[in-house]
Amino acid sequence: MSQKHATTLISSLCSRGAVCHARALFDEMPERDVVAWTAMLSGYASNGLRREALDVFRRMVAAGAAPNEYTLSGVLTACRGPCAPATAMPLHAVAVRRGVDRMPYVVNALIDSYASLAEGVVDARRLFDALGSGRTAASWTSMIAGYARWGQERTGLRLFKTMLKDGFELSTFACSIALHACTLVIDLCLGQQLHLQCIKKALDVNLAVVNSLIDMYCTCARILDARSLFDGTPERNLITWNTMIAGYSQCDPLMALQLLLEMNDEPNCFTLTSITSACADLAALRCGKQVHGAVLRRSYSDDLQMGNALVDMYSKCGSITNAKNVFDRMGCKDKFSWTSMIAGYGMNGYGNEAVQLFSSMIHAGVHPDHVVFLSLISSCSHAGLEDEGWNFFRSMINEYNLQPNKEVYGSVVNLLARAGSKWGEYAFTRRSLRGIGSRKEAGISWIEVMDKMYSFTAADSSSPQVCLADEVLHILSQHMDDVGSEFCHIIFKAT
DNA sequence: TTAGGGTTAG
């Protein structure tokens with residue numbers, strides 16, 4: 001077999017996923033030119049075998065074969081994202097040395113690789129700007145996707161509009177990325193405009209576009225629009241099902257379970273995470289345990305998001321021992337894992353455990369946010385740990401420089417109101433809160449509410465909660481909507 | 001004979 005034929009065969013085998021056969025053939029080749037090396041490494045890269053792709057590249061260089069523009073764009077594909085086996089920079093240097101760094105495919109692959117890391121977005125933009133009129137549709141989409149990926153969705157959407165102004169046709173790629181950006185910033189209006197454009201240009205037959213549309217409608221609380229698209233799609237893939245199930249798990253958990261039963265595909269890790277979350281919302285412990293069994297059978301236990309969802313589910317189902325078991329077995333934990341477990345302790349009345357776990361979290365080097373403090377203060381409130389809760393509130397502001405949001409204020413008010421007879425000990429409340437500064441929420445300053453509560457308490461310390469009730473309820477009825485629920489809970493209990 | 005961009009979970 002000639003080298004040319006062998007190379008064609010390697011490429012063909014890889015495109016069908018038969019990478020091992022391709023590699024066997026590659027190893028048997030007596031001689032390999034740059035095309036053969038490139039076919040092998042690109043084959044690995046396109047099958048997600050990134051380390052292998054990079055390994056072939058290194059062996060190729062060691063063997064003295066000179067990489068060309070095809071090689072560079074192939075190996076750069078393997079070097080995207082935070083888990084990439086290498087970063088773009090050394091490959092960029094190779095491309096410069098070989099004189100191929102300005103070739104369109106190579107530049108686009110470089111933009112894509114740089115923009116796959118948060119710290120590389122600026123470098124990607126520099127390359128993108130330098131391209132000028134040499135930009136292709138792929139340059140635009142890689143750059144827009146880079147912005148959307150790293151929290152600069154608005155910049156991405158502005159670039160998307162510039163792209164259209166510059167005369168580039170709306171492609172399925174650009175459209176799905178732009179829709180994803182709309183989803184991230186919850187821009188239903190732009191999302192709907194894009195939907196209309198999709199219909200006009202017949203892009204709505206593309207599954208990635210449809211999936212992005214479904215996701216956008218689910219996130220923008222238009223579940224019926226999402227469902228109508230879902231029902232109207234003749235071809236659905238696992239992502240379509242997962243997106244719809246995830247949408248339902250947020251607003252109609254029973255329907256999420258129903259959809260799982262209708263699904264023909266084998267559920268994956270994404271599916272089971274959403275289903276676990278649906279079970280959590282329904283407090284359906286038996287169902288949740290079955291899902292956990294399915295997770296174990298499929299070896300999804302090591303997945304971080306899956307673990308977090310299971311901790312949350314067991315916590316909300318009141319099974320704190322199971323929650324802790326899952327938490328302890330998690331090989332890798334993030335902020336959400338700790339928050340779910342702390343909140344789990346709190347909602348099940350284990351205030352001391354929540355406080356201890358917070359210490360462990362700090363010890364583990366995880367930086368707390370509003371949600372952690374909200375869980376903690378709420379845990380302390382439920383467990384009668386007023387002093388601890390109040391100290392956490394102060395530490396949130398003074399040590400961690402976090403401005404309390406309305407939920408945290410609500411929880412603190414709850415904490416103080418529950419203190420009951422100890423209320424007098426919090427005489428410093430008003431002064432301390434004044435120090436924080438006034439915060440207007442829904443037309444009323446929380447400080448004003450706290451002031452009111454304080455003044456009524458001071459006026460009749462024998463029955464502070466009852467005294468609070470009428471006045472606070474009056475304020476709430478005039479100015480509060482959803483944020484008042486925590487107050488109302490206290491008030492109804494007190495009166 | 002070798003190369004590119006997109007969509008799903010807490």
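Reminder, nothing fancy here: chain letters follow the sequence lines and each chain counts from 1. A quick note: this is a predicted structure, and the numbers were derived from the prediction, not measured.
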Task: Results of side-chain contact (heavy atoms from CB on, under 4.5 Å) for A:Phe270 - residues two or more places apart only - done: A:Asn242, A:Asn268
Task: Residues forming a side-chain contact (heavy atoms from CB on, under 4.5 Å) with A:Ser212, sequence neighbours excluded - done: A:Ser176, A:Leu179
Task: Listed once per pair and sorted, the side-chain hydrogen bond (donor to acceptor under 3.5 Å, both in side chains) pairs that draw on residues 277-296 of chain A, sequence neighbours left out - done: A:His292-A:Tyr314
Show every donor-acceptor pair shorter than 3.5 Å between a side-chain atom in residues 246-263 of chain A and any protein atom, with sequence neighbours excluded, or say none if there are none.
| unit_1 | atom_1 | unit_2 | atom_2 | d |
| --- | --- | --- | --- | --- |
| A:Tyr248 | OH | A:Arg227 | NH1 | 3.2 |
| A:Ser249 | OG | A:Ala246 | O | 2.8 |
| A:Asp252 | OD1 | A:Met255 | N | 3.4 |
| A:Gln258 | NE2 | A:Glu262 | OE2 | 3.0 |

Please identify each residue that fulfils salt bridge (charged side-chain N to carboxylate O under 4.0 Å, His left out) with [X], with sequence neighbours left out.
X: A:Arg23; result: A:Asp27
X: A:Arg135; result: A:Asp129
X: A:Asp123; result: A:Arg126
X: A:Asp204; result: none

Task: Contact list for residues 30-62 of chain A, test ring-ring contact (aromatic ring centres under 6.0 Å, His included), sequence neighbours left out - done: A:Phe26-A:Trp37
Stretch [range]: residues that reach within less than 4.0 Å of DNA chain B through a heavy atom:
range: residues 140-156 of chain A; result: A:Thr141, A:Ser142, A:Arg149
range: residues 291-308 of chain A; result: A:Asp303, A:Leu304, A:Gln305, A:Asn308
range: residues 243-265 of chain A; result: A:Thr243, A:Ala246, A:Gln250

